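None of these values were measured; they are calculated from a predicted model.
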Amino acid sequence: MNEINNQENDEARVCAVDFAFKRIGGKYKGRILWHLNKASILRYGELKRTMKDITTKMLTQTLRELENDGLIRRKLFHEVPPKVEYSLSEVGQDLIPFIHYLEKWGKKQLEKEENKIE
């Protein structure tokens, strides 16, 4: 019986990990969250300039996904031309320590790779 409970707990943990990675996984989501953390508030054009390798379509889609998942806030100003600002939500801010840890891990791994080449 204990083995069955352990298996159920493992499955629940995997589901939670899947849940998290579906929210922040992909090529751009973590970077967008990181840039919003550094700047507090960014407009669409500022994000586009910061992330030169992202297409307009992909940036729009990724921002929508992050907003739908409650990780960022989108504030629309009704003016001409329209102005939109993005910032981290409280839930998004909760992720920053983990993204910071991933940054440190990534730097360490990059250094190891560079040392292999030399």
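- Electrostatic pairing of K107 and E103 counts as a salt bridge here, judged by a charged N lying under 4.0 Å from a carboxylate O.
- Of the possible donor and acceptor atoms, none in the side chain of R73 sits under 3.5 Å from a partner among the backbone N and O of S87.
- Hydrophobic clustering (ILVMFWY, side-chain heavy atoms < 4.5 Å, transitive): I41 and I99 are in distinct clusters.
- Around OH of Y101, the count of heavy atoms belonging to other residues, nucleotides or ligands within 6.0 Å does not exceed 12.
- E85 CD to Y44 OH: the interatomic distance, rounded to the nearest 0.5 Å, is 15.5 Å.
- Taking CG from L59 and OH from Y28, the interatomic distance works out to 9.5 Å, rounded to the nearest 0.5 Å.
- The CG atom of L42 sits 11.0 Å away from the OH atom of Y86 when rounded to the nearest 0.5 Å.
- Heavy-atom minimum distance, V91 versus L71: CG1-CD2, 3.6 Å.
- Rounding to the nearest 0.5 angstrom, the gap separating the CD atom in E111 from the CD atom in E113 is 11.5 Å.
- In this structure, R23 is not positioned above the aromatic face of F21 in the sense of NZ or CZ being under 6.0 Å from the six-membered ring centre and within 45° of the axis.
- To the nearest 0.5 Å, atoms CG (L88) and CG (L36) are separated by 5.0 Å.
- Between L63 and I72, the closest heavy-atom pair is O-CD1, 3.5 Å.
- K83 NZ: more than 12 foreign heavy atoms inside a 6.0 Å radius.
- A donor-acceptor contact under 3.5 angstrom links the side chains of E65 and Q61, judged on distance only.
- For the pair K29 and L66, the minimum side-chain heavy-atom distance is below 4.5 Å.
- Shown here are the side-chain contact (heavy atoms from CB on, under 4.5 Å) partners of L102, two or more places apart in sequence or in another chain: there are none.
- For the residue pair L76 and P82, the shortest heavy atom distance occurs at CD1-CB, 4.4 Å.
- There is no path of hydrophobic side-chain contacts, each under 4.5 Å, that joins L33 to F98.
- Other residues, nucleotides and ligands place no more than 12 heavy atoms under 6.0 Å from the CD atom of E90.
- Residue pairs meeting the salt bridge (Lys or Arg N to Asp or Glu O under 4.0 Å) criterion with at least one member in residues 40-61, sequence neighbours excluded: R31-D53.
- Considering only residues two or more places apart in sequence or on other chains, R64 meets the side-chain contact (heavy atoms from CB on, under 4.5 Å) condition with T60.
- How far CE of M51 is from CD1 of I32: 4.5 Å, rounded to the nearest 0.5 Å.
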